[in-house]
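For reference, the structure is listed below as structure tokens.
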Protein chains: 2
Amino acid sequence: MESLSSTAYVILGLVREQPRSGYEIKATVDGTTRFFWAASYGQIYPELKRLAEQGLVVGSDAPTGGRRRTVYEITADGEEELKAWLRRPPETYEMREEGLLKLFFAAALEPGEAVEILRAMRAHRLATNAQLRAMKPIAEEKDASYPLLVLEGGLEFTEWFADWCERVEQRILAARGGSGGRGAKA
Amino acid sequence: MESLSSTAYVILGLVREQPRSGYEIKATVDGTTRFFWAASYGQIYPELKRLAEQGLVVGSDAPTGGRRRTVYEITADGEEELKAWLRRPPETYEMREEGLLKLFFAAALEPGEAVEILRAMRAHRLATNAQLRAMKPIAEEKDASYPLLVLEGGLEFTEWFADWCERVEQRILAARGGSGGRGAKA
DNA sequence: GGCCGAATATATCAGGCCGATATATTCGGG
DNA sequence: CCCGAATATATCGGCCTGATATATTCGGCC
């Protein structure tokens with residue numbers, strides 16, 4: 001009995017709420033967990049088959065007209081698997097931030113160029129914050145309290161990060177001596 | 001001319017500072033960038049060969065006794081590649097947080113169990129914070145100002161995250177009605 | 001009625017990357 | 001002299017991304 005990947009549990013968690021097709025699972029992930037756990041078609045479809053083989057989900061044909069469509073729902077075994085996973089302590093904590101990597105090596109550039117990196121990072125976080133903000137009414141409407149909690153955490157995180165970028169930018173500019181070539185276009 | 005992976009630039013950035021072997025690169029990554037950009041032997045060794053083929057680094061034999069050892073240093077072309085990359089806006093922003101995923105699906109559990117997830121997440125962040133704190137004197141000693149800036153960002157982030165976990169835990173406990181079975185051992 | 005583009009639905013694949021493992025040598029300590 | 005830790009390189013299964021391919025259906029427009 002091989003243990004499942006975390007992505008398998010995303011699928012179990014989503015089909016537990018309601019029966020869904022692979023396509024719907026992907027769309028839901030993109031609209032919710034994507035910011036802290038993404039999933040691609042290349043994982044979802046094979047994983048659904050594996051979960052079906054193990055009896056943790058069951059698929060049934062639900063075609064729309066002549067287009068083939070398989071909708072999956074969770075089984076009692078699947079529900080038990082999901083709960084057992086939820087009760088085990090989390091193991092994966094990963095981050096890949098190319099901006100921080102560039103900042104780490106910024107000594108190879110002029111100070112004005114380091115500031116550009118921080119501005120790009122800040123702009124990215126503000127954009128993510130706006131996306132999350134737009135999702136909030138939808139989560140509130142569904143009355144999904146844990147997803148809402150997580151979403152609010154995302155809002156706070158992006159705000160903290162954008163603010164940090166701004167403070168570091170100010171520190172670098174101040175260290176340069178207060179005046180001198182502005183360097184960039186903003 | 002295929003464009004390089006971000007991991008290739010980590011290598012370029014590190015061998016720019018000083019010539020290093022694959023083993024030393026891995027050790028340095030584990031001691032510095034690991035928190036926002038990790039790299040494994042399975043990437044480092046093949047990547048060093050590719051970079052050498054493209055003339056961005058040069059390797060030279062530097063055996064210790066009878067043990068084979070290749071030390072790489074950056075070339076002028078490699079330095080140009082690195083700077084060009086540093087000047088391009090960052091593209092990769094990824095996070096994989098199994099704890100947030102579990103919290104997202106916590107409706108399948110009792111509230112007391114959701115609290116356990118938050119405690120595990122908080123403990124992890126506090127542990128990371130302690131690790132970063134231990135690294136700080138080393139970074140200060142080296143007078144590496146950008147790496148130090150990034151390290152301080154990591155300290156602030158882990159503190160923010162741990163604090164968020166605690167606040168969410170309090171909210172959940174309060175929503176449960178102030179009293180009732182405590183559930184867990186701490 | 002017919003066309004087009006967007007959405008629905010599934011599948012595949014190259015390549016990045018992780019974690020574990022294997023192999024061999026050298027160094028420090030007891 | 002032996003052993004365990006550190007140095008050094010290499011390999012591999014498996015997860016995951018992003019792009020691409022293939023069909024079908026739906027909505028809007030003229």
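Just so it is clear, the model here is predicted, and its values are computed rather than measured. So you know, we letter chains A, B, ... as the sequences are listed, proteins then strands, and number each from 1.
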(request) Assess whether one donor atom and one acceptor atom, taken from the side chain of B:R68 and the base of D:dT9, lie less than 3.5 Å apart. (result) no
(message) Counting distance alone, no hydrogens or angles: does the base of C:dT26 have a donor or acceptor under 3.5 Å from a partner atom on the side chain of B:R67?
(response) no
Starting from [atom2] on [N], measure out to [atom1] on [X] and report it in whole angstrom.
| X | N | atom1 | atom2 | answer |
| --- | --- | --- | --- | --- |
| A:I44 | C:dT8 | CD1 | P | 14 Å |
| A:E94 | C:dG16 | CD | C1' | 13 Å |
| A:E47 | D:dC15 | CD | C1' | 10 Å |
| A:D61 | D:dT24 | CG | P | 16 Å |
| B:E24 | D:dT7 | CD | C1' | 9 Å |
| A:E91 | C:dG19 | CD | P | 11 Å |
| A:L4 | D:dC15 | CG | P | 10 Å |
| A:L48 | D:dC16 | CG | P | 14 Å |

(request) For the pair A:E17 and A:R20, find out whether any cationic side-chain nitrogen is under 4.0 Å from an anionic carboxylate oxygen. (result) yes
(message) What I want to find out is whether B:E159 reaches B:R133 closely enough, with some N-O distance under 4.0 Å, to be called a salt bridge.
(response) yes
State which of [options] makes the closest approach to the side chain of [X].
| X | options | value |
| --- | --- | --- |
| A:T70 | C:dA9, D:dG18, C:dT10 | C:dT10 |
| A:Y45 | C:dA11, D:dT9, C:dG16 | C:dA11 |
| B:W37 | C:dC17, D:dA10, D:dA8 | C:dC17 |

Please state whether the phosphate of [N], meaning OP1 or OP2, lies under 4.0 angstrom from any side-chain nitrogen or oxygen of [X].
| X | N | answer |
| --- | --- | --- |
| A:Q43 | D:dC16 | yes |
| A:R96 | D:dT17 | no |
| B:T7 | C:dG16 | no |

Counting only heavy atoms not in [X] (residues, nucleotides, ligands), do more than 12 fall under 6.0 Å from its [atom1]?
| X | atom1 | value |
| --- | --- | --- |
| A:Q131 | CD | yes |
| A:E110 | CD | no |
| B:R167 | CZ | yes |
| A:R87 | CZ | yes |

(request) Could you check whether the rings of A:Y45 and A:Y41 sit parallel, tilted or perpendicular, using 30° and 60° as the cut-offs? (result) parallel
Over all strands shown, is [X] touching base, sugar-phosphate only, or nothing at heavy-atom distances under 4.0 angstrom?
| X | result |
| --- | --- |
| A:S5 | sugar-phosphate |
| B:K49 | sugar-phosphate |
| A:A27 | nothing |

(request) Identify, between A:A38 and B:R69, the residue whose nearest nucleotide on DNA chain D lies closer to the 5' end. (result) B:R69
(request) Check DNA chain C against residues 8-23 of chain A and give the residues with a non-hydrogen atom under 4.0 Å, in numerical order. (result) A:S21, A:G22, A:Y23
(request) Please list all pairs passing the salt bridge (Lys or Arg N to Asp or Glu O under 4.0 Å) test where one or both residues lie in residues 25-42 of chain A, with sequence neighbours left out. (result) A:K26-A:D30
